[in-house]
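Atom set for the values below is all heavy atoms of this structure, side chains included, hydrogens, waters and symmetry mates excluded. If you're wondering where the values come from, they're calculated on a predicted model, not measured in any experiment.
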Amino acid sequence: MDTRFDVWAPRARTVELALGGDLLPMEDRGGGWWRPAAAVPAGEADYGYVLDGGGTPLPDPRSRRQPDGVHGLSRTFDPSGHQWQDSGWVSPGLAGGAIYEMHVGTFTPEGTLDAAAARLGYLADLGVQHVELLPVNGFNGVHNWGYDGVLWYTVHEAYGGPAAYQRFVDAAHRHGLGVVQDVVYNHLGPSGNYLPRFGPYLVEGNANTWGDAVNLDKEGSDEVRAYIVENALMWMRDYHVDGLRLDAVHAFRDERAVHLLEELAAATDELSARSGRPLFLVAESDLNNDRLIHPRDINGHGLAGQWSDDFHHAVHSNLTGEDGGYYTDFASVGALAKVLRDGFFHDGSYSSFRGRHHGRPVNHARVEPRQLVVCTQNHDQIGNRAAGDRITATLGFDQLVQAAVLNLTSPFTPMLFMGEEFAASTPWAFFTSHPEPELGKATAEGRLLEFERMGWDPDQVPDPQDPQTFERSKLNWSEAEHGDHARMLEVYRRLLKLRATEPDLAATRWPDAVEHHEQERWLSLRRGSLAILANLSGDERKVPLGGTAGEVLFGTEGIGHPGPDGTDLVLPPAGAAVVRLGRVRPDQD
């Protein structure tokens, strides 16, 4: 039976299918679902729905293509038409290898999936394990971060549409790279959102940070949840994606006994078993609650991983000296040491930014450190700064190397933001292209209000609607070939190779020891036979190794010789080193 044009529209009294210039009647088949009353022609077609007899046809809530934007007609797309070439690909899953976060529109000058695919060889040579794409589904305008999506089943036409997406995933797998897709299920964008015309997709008056919350537990929510679960499965089934990053799950409003996250995890595991392919889900969460990654059989949600922003905040504050806003509690070396040792900083402790206690301890008996995804830069932590400035605008070369060492030798799963590996100087600001002037104005004004709490100068905030804000955010690839940019690229390649080839760096166990000295501002992390050292001060420091000195596998310039007994190492200001120990200290065996 042809179900391409079936639609869930419980709020409509009548539904007509606009197809090929004709309006075809549809019949109610129960449960709010409508289907064409007669057979429809096969083949590709543009179509939409007229609800209750009037107005312009609306796009399909499950549209696969929107060639004329989110306000136009939908177009059919058959995903089975692609001849996949990745039968030999075996995903490593969330195994602790590095993730590379990419925004398709600014990764290359062309801003397309095909152009991005042409650079996948570079990423494979860099040594990352997965490429994570910021949201690619249908949004209003030409360019956007992607978090204002309104048609979750589409692939943005300016990126190349769904066929280009399949080509990208196929190429990634050919280069030995997994693909993680960032998806947003907590809200819908402000323009082109016609879903409430069809059914109770949103709950009015129950808003999260970005508007009305998605209906996960009220009347009609069964179909809304099915809509979300089927979308998640679509990426993994029809586009061969290896994993999903779930945006801001703390914004879900779900009081059901079986949480949506648990339902998504169960459906993912079932598809994985059916297809014989490792598949995984990672949540962005502000909750500092490891229940998200506990197994379902002990009342956890069963996700493979979750973000730990505490790592970013501790590294950023210690390297840059920023200690305002949500960095308030993270300015000490002890905060960084605690994150490395425990996983979270706020694990039931008082959060000054929130004005309350926050989080719970990570259960080390149930959670492996690789299940926490960490970074020193990402799209949020750059793009949500006033000027969209990277830490390259603040830190010197050696401090940038320190950030790379802390991230890539940590026990967690490290993530890089595109261009970080060559210390890109280009900003990555918040940008939009809303065609509606009033919406563009409201967006720009809203950004200024958001920055008040962080104390940033509103004069530094670029207009998100200015096309140059978008153009300036594109990577300048010529930088990677010259000077300190090329040196930094080599640093990342070396560290990623170390992570892949050194068993103690690839290990999934928690650190053996984390030591620090608050006044002298040094940190020592021991992972098996390796010691990772960082001097976060502006003076030379003698840092304990936790054993006798062995081979220096990686070090910044100016590292001194070990002390007389070989149990410490002299680090220059902003120095870092990875050392293979000749003998581990007995009290740390």
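- When all heavy atoms of Pro462 and Thr469 are compared, the pair lying nearest together is CB-OG1, 3.8 Å.
- Between Arg370 and Leu94, the closest heavy-atom pair is NH1-O, 2.6 Å.
- Between Pro435 and Asn140, the shortest heavy-atom contact is CD-ND2, 3.0 Å.
- For His346 and Phe353, the ring centers are positioned 6.0 Å apart or more.
- You'll find the ring centres of Tyr227 and Trp8 outside the 6.0 Å limit.
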Pair Asp222-Arg256, salt bridge (charged side-chain N to carboxylate O under 4.0 Å, His left out): steps then yes or no: CA-CA 11 Å; Asp222 285 354; Arg256 288 203 188 190; 2.6 Å; yes
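- Taking each heavy atom of Asn215 and Gly220 in turn, the nearest pair found is ND2-C, 4.0 Å.
- Looking only at distances, a side-chain donor or acceptor of Ser433 sits under 3.5 Å from a matching main-chain atom of Val142.
- Under the 4.5 Å side-chain criterion, counting only non-hydrogen atoms from C-beta, Tyr159 is not in contact with Phe168.
- In terms of modelled atom types and a separation under 3.5 Å, the side chain of His259 and the main chain of Leu261 share a donor-acceptor contact.
- With sequence neighbours excluded, no residue forms a salt bridge (Lys or Arg N to Asp or Glu O under 4.0 Å) with Arg62.
- How far CD of Gln306 is from CG of Leu292: 5.0 Å, rounded to the nearest 0.5 Å.
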Pair Arg360-Asp290, side chain to side chain contact (heavy atoms under 4.5 Å, CB included): steps then yes or no: CA-CA 8 Å; Arg360 69 189 300 173; Asp290 68 343; 4.0 Å; yes
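- Atom CD of Glu438 has more than 12 neighbouring heavy atoms from other residues, nucleotides or ligands inside a 6.0 Å radius.
- Although no hydrogens or angles enter the test, the distance criterion places a donor-acceptor pair under 3.5 Å between the side chain of His358 and the main chain of Asp286.
- Between Asp182 and Arg245 a salt bridge is recorded (basic side-chain N to carboxylate O distance below 4.0 Å).
- Heavy-atom neighbours of Arg13 CZ from other residues, nucleotides or ligands within 6.0 Å: at or below the threshold of 12.
- Here the closest non-hydrogen pair linking Ser272 and Pro278 is OG-CA, 3.8 Å.
- The shortest side-chain heavy-atom distance between Pro200 and Glu223 does not fall under the 4.5 Å cut-off.
- A centroid separation of less than 6.0 Å is found between the aromatic rings of His156 and Phe139.
- Formation of a donor-acceptor pair under 3.5 Å by the Tyr185 side chain with backbone atoms of Val229 is not found in this model.
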Verdict with supporting geometry, Leu195 and Val150, side chain to side chain contact (heavy atoms under 4.5 Å, CB included): CA-CA 8 Å; Leu195 269 63; Val150 291; 6.0 Å; no
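- At a threshold of 4.5 Å between non-hydrogen side-chain atoms, the residues Pro196 and Leu202 count as touching.
- A donor-acceptor pair is defined here as one N or O able to donate and one able to accept, closer than 3.5 Å; no such pair exists between the side chain of Glu132 and the backbone of Glu101.
- Between Gln166 and Pro79, the shortest heavy-atom distance links the atoms NE2-O, 3.0 Å.
- Annotation: side chain of Pro57 is in contact with side chain of Val50 (closest heavy-atom distance under 4.5 Å).
- Between the side chain of Glu263 and the main chain of Val258, no donor-acceptor pair closer than 3.5 Å is present.
- The structure places CZ of Arg119 at 8.5 Å from CG of Leu475, a figure rounded to the nearest 0.5 Å.
- Counting heavy atoms from C-beta on, the side chains of Met234 and Arg64 come closer than 4.5 Å.
- Between Asp60 and Arg4 there is no salt bridge, since no side-chain nitrogen of the basic residue lies less than 4.0 Å from a carboxylate oxygen of the acidic one.
- Side-chain N or O atoms of Glu27 include none that pairs as donor or acceptor with a backbone N or O of Pro25 at under 3.5 Å.
- The aromatic ring centroids of His103 and Phe431 lie less than 6.0 Å from each other.
- A tilted orientation is assigned to the rings of Tyr239 and Trp235, their planes being inclined by 30° to 60°.
- Using cut-offs of 30° and 60° on the angle between ring planes, the pair Tyr327 and His312 is tilted.
- With hydrogens and angles disregarded, a donor-acceptor distance shorter than 3.5 Å links the side chain of His130 to the backbone of Gly93.
- Interatomic distance, Leu73 CG to Tyr47 OH, rounded to the nearest 0.5 Å: 10.0 Å.
- Note that CE of Met418 and OG of Ser473 are 8.0 Å apart. Values are rounded to the nearest 0.5 Å.
- Every pair passing salt bridge (Lys or Arg N to Asp or Glu O under 4.0 Å) that includes a residue from residues 296-307 is listed here, sequence neighbours excluded: Asp269-Arg296.
- A heavy-atom distance below 4.5 Å is not found between the side chains of Gln371 and Leu303.
- Using a 4.0 Å cut-off between a side-chain N of Lys or Arg and a carboxylate O of Asp or Glu, Asp6 and Arg35 do not qualify as a salt bridge.
- Counting non-hydrogen atoms of neighbouring residues, nucleotides and ligands closer than 6.0 angstrom, the CZ atom of Arg197 reaches no more than 12 such neighbours.
- With hydrogens and angles disregarded, no donor-acceptor distance shorter than 3.5 Å links the side chain of Tyr165 to the backbone of Gly160.
- Taking the six-membered ring where tryptophan is involved, the planes of His173 and Trp89 are essentially parallel, since the angle between them stays under 30° and well short of 60°.
- With ring centers used as reference points, Tyr194 lies 6.0 Å or more from Tyr201.
- Checked by atom type and distance alone, the side chain of Thr76 pairs as donor or acceptor with a backbone atom of Ala45 at under 3.5 Å.
- Looking at heavy atoms from C-beta onward, Arg65 lies in side-chain contact with Pro162 at the 4.5 angstrom threshold.
- A 4.5 Å side-chain heavy-atom check between Asp380 and Asp309 finds every atom pair outside the cut-off.
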Derivation of the side chain to side chain contact (heavy atoms under 4.5 Å, CB included) call for Leu113 and Val155: CA-CA 10 Å; Leu113 286 156; Val155 175; 4.0 Å; yes
Side chain to side chain contact (heavy atoms under 4.5 Å, CB included) between Glu420 and Met415, intermediate numbers included: CA-CA 10 Å; Glu420 170 187 336; Met415 186 175 73; over 6 Å; no
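- Atoms NE2 and CH2, from His82 and Trp84 in turn, are 4.5 Å apart once rounded to the nearest 0.5 Å.
- Under the 30°/60° scheme for interplanar angles, the aromatic rings of Phe430 and Trp145 are found to stand perpendicular.
- At a cut-off of 3.5 Å, with distance as the only test, a side-chain donor of Asp247 or Asn186 sits close to an acceptor on the other residue.
- Taking CG of Asn137 as the reference point, atom CD of Gln181 lies at 7.5 Å (rounded to 0.5 Å).
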